K.L.:
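Take this structure first; my questions come after.
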Number of protein chains: 2
Amino acid sequence: MASSVTIRDVARLAKVSVATVSRALNGHDNVTEGVRRRVLAVAHELRYSPHHAARSLSSRRTHTIGVVLPDLHGEFFSELMRGIDLVARECGLHLLVSSYHGHPEEQASALRAMRGRVDGLLVMSPHAGDLDFLSENLAALPAVLINSQPTDTDQIAFGIDNYGGARAMVEHLLAAGHRRIAFVAGPPNNFDAYERLRGYRDALLAADASAEPWVVPGDFGEASGHAAGQALLAAAQRPQAVFAANDMMALGCLFAFSQAGVRVPDEIALAGFDDIPLARYVMPSLTTMRVNIAELGAHAMRVLLDVYAGQDVRARLVPLVPELIVRESSEPKAARGASGRE
Amino acid sequence: MASSVTIRDVARLAKVSVATVSRALNGHDNVTEGVRRRVLAVAHELRYSPHHAARSLSSRRTHTIGVVLPDLHGEFFSELMRGIDLVARECGLHLLVSSYHGHPEEQASALRAMRGRVDGLLVMSPHAGDLDFLSENLAALPAVLINSQPTDTDQIAFGIDNYGGARAMVEHLLAAGHRRIAFVAGPPNNFDAYERLRGYRDALLAADASAEPWVVPGDFGEASGHAAGQALLAAAQRPQAVFAANDMMALGCLFAFSQAGVRVPDEIALAGFDDIPLARYVMPSLTTMRVNIAELGAHAMRVLLDVYAGQDVRARLVPLVPELIVRESSEPKAARGASGRE
DNA sequence: CTGAAAGCGCTTACAG
DNA sequence: CTGAAAGCGCTTACAG
């Protein structure tokens with residue numbers, strides 16, 4: 001593969017020193033306009049592009065942010081990356097992405113491998129108890145934790161108010177007159193899932209201290225929602241409303257109900273969490289909590305940049321509050337009729 | 001942020017030269033076992049992690065693959081990244097991700113910025129005509145193009161057989177007895193969309209040279225499918241079958257049909273392309289072409305690694321053939337009954 | 001098997 | 001404003 005052109009080649013052809021080339025290319029102001037133009041012309045002609053490793057070795061900056069996620073798959077990470085990427089390109093930064101597929105050991109090595117490659121780190125670690133070695137391996141890099149269980153370390157963390165969102169949803173279902181509200185849980189050991197479950201429980205008990213939470217297991221996948229929906233229909237006494245910990249599982253429930261000929265919301269009300277694009281398109285459309293995931297990523301990125309710049313960001317770590325989106329799947333009977341959908 | 005520990009610190013404490021530390025850490029065999037152990041112990045104790053920029057500057061390898069995509073958003077890219085990532089971690093490689101959001105100028109700069117940061121490049125460039133400057137900016141890096149329009153340059157390219165897949169689907173619909181088959185197209189200027197459209201046209205005309213292709217515009221988004229579905233219902237003579245260029249648009253159509261009370265497949269058969277997870281869950285379940293997107297990414301990555309290793313890969317550039325998945329939305333009347341769904 | 005030294009391609013005080 | 005030189009933290013022939 002053709003030998004690359006270096007700063008020395010540019011210097012030679014432009015008849016200046018490499019130092020001057022460096023200054024001209026980096027936009028320093030201590031270069032005569034004529035010289036700068038000559039250098040830029042030669043650089044362009046040679047298709048010169050600075051060697052990144054060399055530059056970051058001497059400048060101690062990489063212009064790259066490391067993103068360490070549990071996985072790269074699915075709507076959530078896709079949206080998160082979009083938000084992060086948006087801010088990154090605004091700032092001319094690159095993204096080094098690494099996912100550890102749920103293996104904490106790999107997470108540690110992923111973090112360590114970031115040394116000398118990134119200026120800062122965005123880390124999502126939803127698995128309970130990960131954070132001990134996490135802080136050990138964060139090395140000396142500025143880092144922001146996303147949707148991760150807080151610990152007593154003074155790590156900077158930012159996330160979604162899953163707890164408050166779940167409470168709001170249960171309150172909505174209660175207000176619609178439902179009492180027997182079942183919850184389809186997310187994967188055990190997942191912090192988001194845990195917070196949503198906690199919100200469900202607390203809201204239920206706050207309304208009626210003798211209420212009995214009814215929790216069906218799930219794993220955030222549509223198939224587990226489908227199974228949960230079937231299990232709920234088979235119960236001796238069916239729930240009046242089902243609140244799934246995310247939309248994919250809610251859709252799984254919905255299809256289980258459709259297959260069984262159980263009408264939503266007439267016989268069972270249904271609600272999810274996340275507001276994925278399809279939520280508004282299914283029949284009936286799905287009531288859910290809208291989470292601006294891209295904004296979650298974008299905000300975390302902005303906070304990280306300010307941490308890097310040495311600013312105090314603590315005031316900006318307030319969790320992102322999800323928004324209740326009421327659609328057909330939870331409409332109280334009184335409200336239904338010839339009205340259109342959202 | 002705390003000064004990092006370098007190879008010199010390890011050398012000093014282990015009482016050897018930096019060269020020996022380097023050899024011990026990199027697993028070279030010209031190091032005594034005792035010395036190696038001592039070095040490793042000190043490195044571990046100091047939490048030493050090699051500085052990547054320095055290493056790649058001197059070794060001329062980055063252990064990183066650059067991935068340049070039009071976008072990071074949505075099921076397709078998410079799956080693609082998963083496949084790429086899978087192979088990357090098998091090989092201990094990192095991924096530098098960059099998306100150019102449809103702006104060719106940014107694509108060029110993204111490509112150039114990869115110099116000195118990556119050992120090879122995976123590039124997806126579905127926009128027609130992008131490839132001229134693409135090859136100019138690929139510099140001297142090994143690269144594999146994914147799902148991109150081939151040019152006369154001898155770039156290594158690999159993709160899905162969208163054309164063949166679309167033909168197969170139309171043939172299926174024809175075999176089911178449908179004649180008036182409408183097509184909901186993807187975005188203009190998108191190579192995947194163009195190939196699917198071409199397959200639709202050719203299959204239709206191959207069966208009946210006097211057939212008139214019926215193409216409704218779309219952009220791969222569910223909303224455009226919804227609009228297309230409504231437009232098709234409003235036609236003087238409705239189509240007997242609708243083939244959408246991807247599943248999201250097919251789902252949009254499906255909901256438009258449901259809202260209008262038009263039964264699928266009894267009144268209109270429907271088919272999509274991609275086999276997204278939801279395709280099997282909607283009612284009726286959706287006939288589609290299954291594309292193993294993760295495998296597309298994984299295979300492209302493997303090819304790239306072999307290109308890097310200097311192997312001849314031309315024999316492995318055969319497009320990935322999608323698989324026809326027949327579900328309820330296109331079942332011929334005769335076949336319907338008490339049978340379960342897939 | 002081990003060490004001293006050169007070099008990877010840049011940036012940045014330091015002089016002038 | 002410009003250049004010569006040191007240095008960023010590694011790896012790798014080259015000697016021994």
Side-chain angles (χ1 to χ4, degrees), chain A residues 1-40 43 46-64 112-119 139-140, chain B residues 1-40 43 46-64 112-119 139-140:
Chain A
M1 305 285 150
S3 65
S4 325
V5 13
T6 75
I7 196 172
R8 303 189 54 173
D9 301 315
V10 179
R12 195 177 332 108
L13 255 83
K15 298 190 192 312
V16 290
S17 70
V18 295
T20 299
V21 174
S22 173
R23 292 188 191 105
L25 259 31
N26 288 309
H28 295 194
D29 50 8
N30 48 358
V31 182
T32 321
E33 194 47 34
V35 173
R36 180 194 306 283
R37 266 209 291 274
R38 199 165 75 236
V39 170
L40 289 180
L46 257 37
R47 303 203 156 285
Y48 169 71
S49 166
H51 191 284
H52 174 261
R55 169 177 281 187
S56 71
L57 180 57
S58 50
S59 69
R60 331 278 322 150
R61 288 208 49 174
T62 64
H63 295 281
T64 303
R112 251 176 292 116
M114 292 286 177
R115 185 190 164 214
R117 314 177 127 237
V118 302
D119 295 332
Chain B
M1 302 286 153
S3 64
S4 325
V5 11
T6 76
I7 196 172
R8 303 189 53 173
D9 300 315
V10 178
R12 196 177 331 111
L13 255 83
K15 297 189 194 310
V16 291
S17 69
V18 295
T20 299
V21 174
S22 174
R23 292 187 191 106
L25 259 31
N26 288 310
H28 295 192
D29 50 7
N30 49 357
V31 181
T32 323
E33 194 47 34
V35 172
R36 181 193 305 283
R37 266 209 290 275
R38 198 165 77 235
V39 170
L40 289 179
L46 257 37
R47 302 203 157 285
Y48 169 71
S49 166
H51 190 286
H52 174 261
R55 168 178 282 188
S56 71
L57 179 57
S58 50
S59 70
R60 332 272 329 146
R61 289 208 49 174
T62 64
H63 295 281
T64 303
R112 252 177 290 115
M114 292 287 177
R115 185 188 164 215
R117 314 177 128 236
V118 302
D119 295 333

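The model shown is predicted, which means the values in this text are computed figures rather than measured ones. Below, chains carry the letters A, B, ... as their sequence lines are ordered, and counting in each starts from 1.
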K.L.:
Mapping A:Val35 and B:Leu57 to their closest nucleotides on DNA chain D, which lands nearer the 5' end?
P.N.:
A:Val35

K.L.:
Is there side-chain contact between A:Arg117 and A:Thr64, with at least one heavy-atom pair below 4.5 Å?
P.N.:
no

K.L.:
When the nearest nucleotide of DNA chain C is assigned to B:Ala54 and to A:His28 on a heavy-atom basis, which residue is associated with the more 5' position?
P.N.:
B:Ala54

K.L.:
So if I take every side-chain heavy atom of B:Thr32 and compare against C:dT11, D:dC10, C:dC1, which nucleotide ends up nearest?
P.N.:
C:dC1

K.L.:
Checking base pairs now: Watson-Crick or wobble, both atom distances under 3.5 Å. What partners C:dA4?
P.N.:
none

K.L.:
Using side-chain heavy atoms (C-beta onward) and a distance below 4.5 Å, is B:Val18 in contact with B:Ser22?
P.N.:
no

K.L.:
Send over the distance from A:Arg12 CZ to C:dG9 C1', rounded to a whole Å.
P.N.:
14 Å

K.L.:
Looking only at the side chain of A:Ser59 (C-beta and beyond, no hydrogens), which of the listed nucleotides D:dT11, D:dG3, C:dT11 gets closest?
P.N.:
C:dT11

K.L.:
Please examine the side chains of B:Asn26 and B:Arg55, heavy atoms only from C-beta on, and report whether any two atoms are closer than 4.5 Å.
P.N.:
yes

K.L.:
What's the closest nucleotide to the side chain of A:Val31 if the choices are D:dG3, D:dT2, C:dG7?
P.N.:
D:dT2

K.L.:
Starting at CD of A:Glu33 and ending at C1' of D:dT2, how long is that distance when rounded to a whole Å?
P.N.:
16 Å

K.L.:
Where do B:Asp9 and B:Thr6 come nearest, in terms of heavy atoms and distance?
P.N.:
OD2-N, 2.7 Å

K.L.:
So, does B:Arg55 get its side chain near the phosphate of D:dT11, meaning an N or O under 4.0 Å from OP1 or OP2?
P.N.:
yes

K.L.:
In this structure, how many angstroms lie between the C1' atom of C:dT2 and the CZ atom of B:Arg38, rounded?
P.N.:
11 Å

K.L.:
Find the partner of D:dA13: check Watson-Crick (N1-N3 plus N6-O4 or O6-N4) and G-U wobble (N1-O2, O6-N3) distances, both under 3.5 Å, and reply none if neither fits.
P.N.:
none

K.L.:
For A:His52 and C:dC8, give me the distance from atom NE2 to atom C1', rounded to whole Å.
P.N.:
15 Å

K.L.:
What's the closest nucleotide to the side chain of A:Asn26 if the choices are D:dG3, C:dT11, D:dG9?
P.N.:
C:dT11

K.L.:
Using heavy atoms to find the nearest nucleotide of DNA chain D for A:Val18 and B:Thr20 separately, return the residue whose nucleotide is more 5′.
P.N.:
A:Val18

K.L.:
Given C:dA4, D:dT11, C:dC10, which nucleotide is nearest the side-chain atoms of A:Thr6?
P.N.:
C:dC10

K.L.:
A:Arg60 side chain N/O closer than 4.0 Å to the phosphate oxygens (OP1, OP2) of C:dC10?
P.N.:
no

K.L.:
Are any of the side-chain heavy atoms of A:Arg23 and A:Asp29 separated by less than 4.5 Å?
P.N.:
no

K.L.:
Have a look at B:Arg23 and say if it touches a base, only the backbone sugar-phosphate, or nothing, with a 4.0 Å heavy-atom cut-off.
P.N.:
base

K.L.:
Could you check which of D:dT11, C:dT2, D:dG9 has an atom nearest any side-chain atom of B:Asn30?
P.N.:
C:dT2

K.L.:
What integer distance in Å separates B:Asp9:CG from D:dC8:P?
P.N.:
12 Å

K.L.:
Measure CZ/B:Arg8 against C1'/C:dA5 and give the value in whole Å, please.
P.N.:
13 Å

K.L.:
Please determine if a side-chain N or O atom of B:Ser58 lies less than 4.0 Å away from the OP1 or OP2 oxygen of C:dC8.
P.N.:
no

K.L.:
Are the side chains of A:His63 and A:Arg61 in contact, using a 4.5 Å heavy-atom criterion?
P.N.:
yes

K.L.:
Out of D:dT11, D:dG3, D:dG9, which has the shortest distance to the side chain of A:Val16?
P.N.:
D:dG3

K.L.:
Give the nucleotide from the list D:dG3, D:dG9, C:dC10 with an atom nearest to the side chain of B:His51.
P.N.:
D:dG9

K.L.:
From CG of A:Leu25 over to C1' of C:dG9, roughly how many Å is that when rounded to an integer?
P.N.:
13 Å

K.L.:
Mind calculating the distance between CD1 (A:Ile7) and P (D:dG3) to the nearest angstrom?
P.N.:
12 Å

K.L.:
Is the distance from OP1 or OP2 of D:dT11 to the nearest side-chain N or O of B:Ser22 less than 4.0 Å?
P.N.:
yes

